[in-house]
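Just below is one structure, and these are the notes that go with it.
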Amino acid sequence: MRTTVIGVANTNRPAPPLPTPLAPLIDAHTHLDACGATDAASVSAILDRANQAGVGQVVTIADDLAAAQFAVRAANWDDRVYAAVALHPTRANALDDKAKAELEYLATDPRVVAIGETGLDYYWPGKLDGCADIETQIDGFRWHIDLAKRVRKPLMIHNREADHDLLTVLLDEGAPDTVIFHCFSSDATMAEACVAEGYVLSFSGTVSFKNSHELREAAKLVPDDQILVETDAPFLTPHPYRGAPNESYCLPYTVRALAEAREQDPQELADITAANARRLYRIR
């Protein structure tokens with residue numbers, strides 16, 4: 001969830017420098033609106049910076065209805081941008097009939113390549129005013145699973161402290177053909193369970209954090225054809241710039257950290273993840 005309440009980046013820190021380019025790369029999950037994009041020109045500026053680092057395309061994600069509408073507009077403004085639409089699990093209490101109808105309409109846009117981010121978040125209930133309770137989140141998750149299957153697009157999952165229940169709901173509902181765990185942050189046991197089901201794991205800057213030992217162990221277990229990379233910008237900026245504003249151009253930092261954890265050549269990992277993103281999202 002990306003709001004002024006949750007996970008705000010420390011904008012007092014300067015933005016990270018442009019990394020040594022690594023191409024081709026595709027940012028599998030970013031939030032262009034939260035990065036400050038408001039119109040076609042500002043979207044283009046973010047993508048121009050990304051291109052300097054080798055990031056040729058991005059998928060911009062929705063967590064509320066306004067963000068979903070913006071994501072689709074952004075994807076139609078710039079052919080380097082694709083969109084995903086959904087309501088974040090903490091906002092599942094806003095998934096009324098009107099919201100469902102709008103999401104169903106947006107999901108059919110050719111520039112929408114996934115339904116997300118949806119899933120379960122067990123961290124925020126009781127801590128965040130207005131947060132959807134667990135039962136409401138599960139109901140919303142089930143609806144999004146059905147939508148992904150109806151429009152035949154990948155399901156992009158947000159999972160926070162809900163491993164068991166999330167896998168249970170997917171099993172109960174019957175998962176879509178493609179399931180992507182955005183910003184995978186669980187341990188090796190969860191990674192093994194996801195890999196066994198054929199799910200795709202997307203890694204963000206958290207894999208570079210000094211305390212992410214279990215996550216790096218999990219990253220080693222993911223087959224080449226089930227891995228993606230993302231920024232989740234403007235948050236989760238890779239080490240050593242943690243807390244600074246993030247943007248798609250920072251993706252090479254994460255790829256190099258992930259490659260180190262997997263004992264893999266960074267260029268090889270860039271090639272693999274870009275090919276996976278094109279295949280899974282069905283993009284050029």
Side-chain angles (χ1 to χ4, degrees), residues 15-32 35 46-61 75 78-84 113-114 116 154 156 178 180-185 191 194-195 198-209 212 215-242 244-284:
L18 185 75
T20 301
L22 191 60
L25 284 176
I26 296 176
D27 188 350
H29 184 115
T30 186
H31 299 262
L32 290 178
C35 288
I46 291 173
L47 268 295
D48 289 346
R49 283 191 291 274
N51 287 171
Q52 292 180 58
V55 183
Q57 288 105 1
V58 308
V59 181
T60 190
I61 314 301
D78 193 309
D79 63 8
R80 298 169 293 182
V81 178
Y82 297 86
V113 296
M156 184 182 293
T178 301
I180 299 166
F181 277 73
H182 122 77
C183 189
F184 184 82
S185 56
C194 291
V195 166
Y199 303 153
V200 177
L201 307 187
S202 182
F203 290 87
S204 72
T206 54
V207 77
S208 72
F209 294 173
S212 295
L215 180 58
R216 284 190 286 274
E217 290 301 310
K220 296 176 183 179
L221 304 176
V222 184
D224 283 351
D225 63 348
Q226 289 175 254
I227 195 166
L228 291 172
V229 289
E230 62 173 85
T231 58
D232 199 19
F235 306 97
L236 304 181
T237 314
H239 176 79
Y241 306 104
R242 187 174 182 179
N246 196 10
E247 209 173 270
S248 290
Y249 78 83
C250 295
L251 190 57
Y253 291 122
T254 292
V255 175
R256 290 188 170 98
L258 180 60
E260 182 179 4
R262 288 167 57 87
E263 299 180 350
Q264 195 166 20
D265 177 70
Q267 184 60 63
E268 179 188 18
L269 185 58
D271 292 338
I272 287 168
T273 56
N276 287 344
R278 286 191 292 268
R279 171 174 54 85
L280 296 165
Y281 290 133
R282 286 176 275 179
I283 64 178
R284 296 194 303 274

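Basis for what follows: all heavy atoms, side chains included, without hydrogens, waters or symmetry-related copies. Residues take their numbers from the sequence shown, with the count starting at 1.
- Counting heavy atoms from C-beta outward, P16 and T237 have side chains that approach closer than 4.5 Å.
- Annotation: the span from R242 atom CZ to L236 atom CG amounts to 8.5 Å, rounded to 0.5 Å.
- With respect to P223, the side-chain contact (heavy atoms from CB on, under 4.5 Å) criterion is satisfied by exactly one of L201, I272, V195, V200: V195.
- Between R279 and D225 there is a side-chain heavy-atom pair separated by less than 4.5 Å.
- Using a 4.5 Å cut-off on side-chain heavy atoms (C-beta onward), L258 and L269 make contact.
- Side-chain contact check for D224 and Q264: at least one donor-acceptor pair (N or O, by modelled atom type) lies under 3.5 Å.
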Chi angles and distances behind the ring-ring contact (aromatic ring centres under 6.0 Å, His included) call for Y241, Y253: CA-CA 10 Å; Y241 306 104; Y253 291 122; 5.3 Å; yes
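- The closest side-chain heavy-atom distance from L22 to L251 is not below 4.5 Å.
- With contacts defined as side-chain heavy-atom distances shorter than 4.5 Å, the pair L47/V81 qualifies.
- Under the 4.5 Å side-chain criterion, counting only non-hydrogen atoms from C-beta, Q52 is not in contact with Y249.
- The closest side-chain heavy-atom distance from V222 to F184 is not below 4.5 Å.
- Panel note: side chain N246, backbone F235; a donor-acceptor pair is recorded below 3.5 Å.
- Taking 4.5 Å as the limit, some side-chain heavy atom of I26 sits within range of a side-chain heavy atom of R278.
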Go through the steps to decide whether T60 and Y82 satisfy the test side-chain contact (heavy atoms from CB on, under 4.5 Å), and finish with yes or no. CA-CA 6 Å; T60 190; Y82 297 86; over 6 Å; no
